[in-house]
Amino acid sequence: MAGTQATLAWFFLAFFTVVFILIMCLHFFLAWYSRFSVRSKEQEAPQAPLIPSSVCDGVLLSVSSRAEFRFVEAPLNAWNMENEDGIDSNTLLHGSPLGKTYRADIQVGILGVACLCGPGMWNAIISIGGGTDPQVASISTSLLYVCFAVTSLLAPVAVNIMGPARSLFLGSLGYPCFVGALLLYRTHALAAPVIVAGAINGIAAGILWTAQGQIMMGYPSAQQKARFMALFWCVFNSGAVIGGLITLATNYHSHQKQASVPTYVAFIAVMLTGSALTLALAPPHKVRRSDGAPVQLEKPPNLREELRGMGEAVRHPKLLLLAPLFLYANWFYTYEFDSFNGALFNVRTQGLCNAFFWGSQMAASVALAASLDDARASARRRALRACAFVALFGAATWAAALKVHVMFGLDRGASATSASRLDFLDSGGGFFFPLLVYMCFGAGDALVQCWAYWVMSQLDDDITVLSRYAGVYGSIKSAGSGIAWALEGFGVSPSTQLAINIALFTIAMPLAGYVASTVGQVRFTQLPPARDDEGADLSTPTTPIEEQGAVRQPS
């Protein structure tokens with residue numbers, strides 16, 4: 001009987017892997033063929049006039065073939081033109097329900113719901129330990145993040161070729177695969193599928209989060225970037241809140257360490273729904289920002305240009321300075337989820353705590369967005385102000401965490417058994433302070449990641465370039481998480497993990513502060529003034545980028 005169950009488990013995993021690879025190959029072929037067909041038609045067709053690339057406050061920014069910038073006045077109906085489907089831009093922004101799906105904010109909302117169903121639910125199941133042996137969980141998660149780190153460096157090439165919708169669909173398939181493997185471990189104690197599924201999930205996550213970063217940083221206008229990030233973060237993390245409540249509901253009458261089988265089944269169903277939802281996203285060239293401007297999109301480069309661009313992104317001086325912050329941005333999950341939440345609370349209380357953890361992320365992202373999109377201050381001042389708040393909040397959180405760590409003797413295994421874990425019904429008020437610290441962990445996570453995304457979005461406005469920045473960020477962030485999980489698998493104590501987190505935070509914030517001080521230092525190339533058909537000068541003086549929200553040269 002055991003042999004039959006093992007055979008079925010391996011058949012399930014092999015089938016899912018083959019399907020994943022076949023779908024990926026098919027999508028690559030379709031993307032390549034469509035691009036080849038478009039280029040062939042472009043070569044046959046006469047040269048079309050250059051289409052303006054951005055509109056902000058009545059000022060049109062046109063881009064020359066040498067990526068130099070010119071500001072000219074835009075007619076009021078400059079964007080009242082039809083796209084290839086015969087739908088004009090006013091309809092896209094304000095017309096029929098079909099047209100509204102092309103608005104940038106709606107696209108980010110769809111992205112958030114899709115990630116709510118996939119990574120959001122995955123966060124919820126992982127934050128209660130996944131229901132596996134700690135060593136199996138550490139090995140699998142470490143492998144996941146190693147594959148995530150490596151894939152993220154190459155994912156921008158795939159994302160820029162396939163497009164975000166196809167990339168998100170492929171990336172989302174890894175999450176139900178991983179939870180399915182956890183279910184097999186829950187029912188049949190099979191460790192190998194969990195480890196293999198971790199690698200598959202890591203590859204898929206690298207693709208998904210690169211496409212997510214491209215949309216989240218590239219679709220909003222300069223004045224709304226933080227607001228759109230908060231929109232995504234709220235919708236996305238509501239998935240983990242729901243997941244925490246699912247865990248609480250399905251385990252309410254249980255004091256076990258593992259989640260129940262219905263919990264895993266519910267998570268897989270929701271994740272597959274999210275995979276289908278990614279196909280509702282519109283192509284980038286059909287998306288319009290709130291001011292009517294199209295998303296800034298270069299002509300798709302070839303493979304060699306993509307690899308060269310990725311190399312430039314890896315060597316970007318500001319990204320190198322932010323590397324310690326990127327490394328820190330996911331390193332703390334191991335301590336927070338396993339050494340803190342997993343050790344202190346039983347499963348139903350973990351579900352409740354996770355709902356508060358991810359809910360605090362939503363509140364923190366909204367608060368940070370209000371500061372970062374404050375038009376009364378320059379971009380540099382906003383960046384420095386937010387960076388200082390992130391530093392102070394993080395320092396206070398780690399100080400409180402150290403107090404809880406010592407108070408409950410987490411290194412001595414005081415909460416090693418289910419009977420000794422805190423329960424929100426049976427522990428009186430003893431669980432409130434650890435819960436408050438855990439909520440601060442969540443808020444600090446959102447503050448760090450949203451601030452990092454916002455700063456990266458200030459470096460360029462073209463979504464192909466931003467996808468490379470997202471790839472670098474995802475690679476370093478996941479590498480840090482993978483190392484942290486590996487250290488736990490090798491038996492590194494919770495105290496050491498806590499000390500490493502505090503050290504990384506202490507190193508990262510001063511460097512982040514320096515990068516914040518450079519935000520807004522943008523160079524514009526002066527071109528001869530643009531003239532209309534009668535020879536009249538159409539140019540207008542340029543204004544600082546943080547005030548005007550225009551596209552700028554890569555810094």
> Does any donor atom in the side chain of D373 or Q224 lie under 3.5 Å from an acceptor atom in the other side chain?
Replying inline: no
> Without hydrogens or angle criteria, can the side chains of N160 and S467 be said to hold a donor-acceptor pair below 3.5 Å?
Replying inline: yes
> Taking the side chain as C-beta and beyond, is there a heavy-atom pair between P294 and V287 under 4.5 Å?
Replying inline: no
> Which class fits the ring pair F148 and Y145: parallel under 30°, tilted 30 to 60°, perpendicular over 60°?
Replying inline: parallel
>> Which residues pass the ring-ring contact (aromatic ring centres under 6.0 Å, His included) test with Y453, not counting sequence neighbours?
In response: Y473
>> Could you work out, with ring-ring contact (aromatic ring centres under 6.0 Å, His included) as the rule, every residue matching Y328, not counting sequence neighbours?
In response: F332, F505
>> Taking the six-membered ring for Trp, are W209 and F236 closer than 6.0 Å centroid to centroid?
In response: yes
>> Any non-hydrogen side-chain atom of L281 less than 4.5 Å from a side-chain atom of P164?
In response: no
>> What I want to check is whether the side chains of D105 and Y219 have a donor and an acceptor closer together than 3.5 Å.
In response: no
> Partners of S172 by side chain to side chain donor-acceptor pair (under 3.5 Å), sequence neighbours excluded?
Replying inline: S275
> So, K477 versus Q449: side-chain donor-acceptor pair below 3.5 Å or not?
Replying inline: yes
> Are any of the side-chain heavy atoms of M509 and V390 separated by less than 4.5 Å?
Replying inline: yes
